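Just below is one structure, and these are the notes that go with it.
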2 protein chains.
Amino acid sequence: MRSGHIGVRCDRLQRNLRARRASFFGIGFWFNICECSETRRPIARFWSGSSGRSSRSEASLAETIHPFIRALEQYDVLNEAERAALTALPLQIRIFGKNAEIVREGSRPTHSCLLLEGFAARAQVLSDGRRQITNLHIPGDFVDLHGLLIKRMDHSVIAFVDCKMAFVPHDAVRALIDEHRHLSRLFWLTTLVDAAIDRAWITSLGRRPAIDHLAHLLCELYVRLRGRGLVSGNSFAFGATQTELGDVLGMSTVHVNRTLQDLRKLGLVEWEGGRVTIIDFERLAERAEFDPAYLNQWIEAR
Amino acid sequence: MRSGHIGVRCDRLQRNLRARRASFFGIGFWFNICECSETRRPIARFWSGSSGRSSRSEASLAETIHPFIRALEQYDVLNEAERAALTALPLQIRIFGKNAEIVREGSRPTHSCLLLEGFAARAQVLSDGRRQITNLHIPGDFVDLHGLLIKRMDHSVIAFVDCKMAFVPHDAVRALIDEHRHLSRLFWLTTLVDAAIDRAWITSLGRRPAIDHLAHLLCELYVRLRGRGLVSGNSFAFGATQTELGDVLGMSTVHVNRTLQDLRKLGLVEWEGGRVTIIDFERLAERAEFDPAYLNQWIEAR
DNA sequence: CGCGATGTTGACATTCATCAACTCGTGTGG
DNA sequence: CCACACGAGTTGATGAATGTCAACATCGCG
């Protein structure tokens, strides 16, 4: 029943948990704070701007939260007061290297975090070292809004690639949603859309063969990223390894590799150098039975 | 790749979608309203109390919402004003026969529904007729709170067994949460706990072998039902067929049957006559790596 | 008594995981 | 500059997990 789990663990250790050399990330300087001795993963790197000696102008600081405001505006129009309140949120910016743990399973966060650049993932790890990623988050997502209401994290949030995060104290979020009922509903809605994505994942995992599952995931990412203006032409950056993709799809690395080849042979997708190109979205969506309606919600009342 | 889907559809039609003869359900009288001609499923049966000529006393009407209040009190203490507001909610009670569709995929509900008796399920159906159940709901769950904020249902809600539901107009829910900030947070929390359950399902589907997956599901149901006072001794009512259980677990009926036998042979579980008995919860939870923390949330601020 | 729903079983097919080996590119230290 | 290690992708051989099909058993019910 469980033969080979040790082998899996070795595979993971060899392939996944090794720290990447620090590479320059986007704008701003950052530096490594510490590195986990067991897994050799960098834990967190703080953006120099968060330590008080900010080198950025007021204007650019106000723009920092822009991806998030843009995301909320997918769901409803914001008025000036709401935009101002969001812009006034006290943010602490941090950069996380690939595979860094942003929120630890079992912890009790005091801040919520939202994703500004990169991809973050929620992950649950089994005792044998295998893990399952239960959500993927894209820039603009209020990744850890859950932590505001949920006592104890049932999962970790990890940096799927290098990530720029903004941390907001829970008190500030609470004050915001107490003051702005409409924003409170929008925040709630974002967690409900996350839940709809979860349901689609459950259906893919339970009832779709590997190739359809992968196709569905790529359709989902394509539509979500397009909504945030992160698709150019018909391609988007997605710097996941095949092993990591296996953790998303609940598949082995080898099977991911072969499934990806099938999708390429069908002329539906290209995937090269951390960039995914959707060659034929129509056919891809048809194969996956992908219906984007669950992603395009619109709140109906202020 | 897809051989046998027709066979599956036949299996489903034969085994699942056939209407059950109406059986007397709990307290109160009900009558069949209509029956879907295609699937022969009973669609809805209205409790006579909801048609205006109520035969129940005021006291029992007030008690109707009690399972829901009890559920909310798992997460935080309610004050008298909140209990009164909940009790004052305008409820329309309906009984649904097993397999009846409570909320249709693609519809735009005007009422939210909460489950008073029975089991309800969220289900997504693929074009070949196979379906995946993405959530199970137990008495006291605010099953379709999502519909308040989400424009269009991405899934159906079905009566997993005979169900007694209460429908509340969205306007009433909105008025309630506008008036009672604390209740609004509790409602939000219940949807977040649902999401935590989704994540656990994703992990089970992706990374657990069938027997562990089933064990995890039974642990989850046991803990959730115990929280609502619906476990007697160490057993609870769960009137699912093995085919339906397959739709929950993403497995074939045959494999459910064999997995269940394995669990029985291990002396962990008995399942007979619509009643599940957990013989050894400790060992069952250990095998499934089940940690109930994600179910036992407690809100931290009013 | 017969029918239909459900549970059960065996034989077989398919999907997917596992293991081991190889390639390729990149960065690093001698 | 080269040798080397390492991460990542790829491939083939094999086995385990699970699905599919067909048949039969059991039971409640009309």
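Within every chain, numbering begins at 1; the chains are lettered A, B, ... in the order of the sequence lines, protein sequences first and strands thereafter. Since the model is a prediction, treat every value here as computed from it, not as a measurement.
- Taking the nucleotide of DNA chain D with the nearest heavy atom to each of B:Arg208 and A:Val254, the more 5' of the two is matched to A:Val254.
- Going from atom CD of B:Glu272 over to atom C1' of C:dT6 covers 14 Å, rounded to whole Å.
- If you take CG of B:Asp128 and C1' of D:dG19, they are 13 Å apart, rounded to a whole angstrom.
- Between the CG atom of B:Leu205 and the C1' atom of D:dT18 there is a distance of 14 Å, rounded to whole Å.
- Applying the 4.0 Å criterion to OP1 and OP2 of C:dT8, one finds that B:Arg264 has a side-chain N or O inside that range.
- Note on B:Gly250: only backbone sugar-phosphate atoms sit closer than 4.0 angstrom, heavy atoms only; bases stay farther off.
- Rounded to whole Å, atom P of C:dC16 lies 11 Å from atom CG of A:Leu249.
- The side chain of A:Arg258 approaches D:dG12 more closely than any other nucleotide in the set D:dG19, D:dT10, D:dG12.
- Residue A:Ser252 places its side chain closer to C:dA17 than to any other of D:dT18, D:dT10, C:dA17.
- The residue A:Gly246 sits apart from the nucleic acid: no heavy atom pair falls under 4.0 Å.
- The aromatic rings of B:His216 and B:Tyr294 sit parallel to each other, their planes meeting at less than 30°, with 60° as the upper class boundary.
- Among the nucleotides C:dC16, D:dG9, C:dA17, the one closest to any side-chain atom of A:Ala210 is C:dC16.
- Between the CD atom of B:Glu244 and the P atom of C:dG7 there is a distance of 8 Å, given to the nearest Å.
- A:Arg224 contributes no side-chain N or O that, together with a main-chain N or O of A:Leu295, makes up a donor-acceptor pair within less than 3.5 Å.
- Classification of the B:Phe236-B:Tyr222 ring pair by plane angle, with boundaries at 30° and 60°, yields tilted.
- For the atom pair NE2 (A:His137) and CZ (A:Phe119), the distance works out to 12.0 Å, reported to the nearest 0.5 Å.
- A close approach under 4.0 Å does not occur between any side-chain nitrogen or oxygen of A:Gln261 and OP1 or OP2 of D:dG9.
- Rounded to a whole Å, the NE2 atom of A:His255 is 6 Å from the P atom of C:dA17.
- Nearest nucleotide to the B:Asn257 side chain, out of C:dA17, D:dT18, C:dG7: C:dG7.
- Rounded to a whole Å, the CG atom of B:Asp262 is 13 Å from the C1' atom of D:dT18.
- In terms of the side-chain contact (heavy atoms from CB on, under 4.5 Å) criterion, residue partners of A:Leu126 (sequence neighbours excluded) are, by chain and number, A:Asp128, A:Arg130, B:Thr203, B:Arg207, B:Arg208, B:Glu289.
- Rounded to a whole Å, the CH2 atom of B:Trp271 is 11 Å from the P atom of C:dT8.
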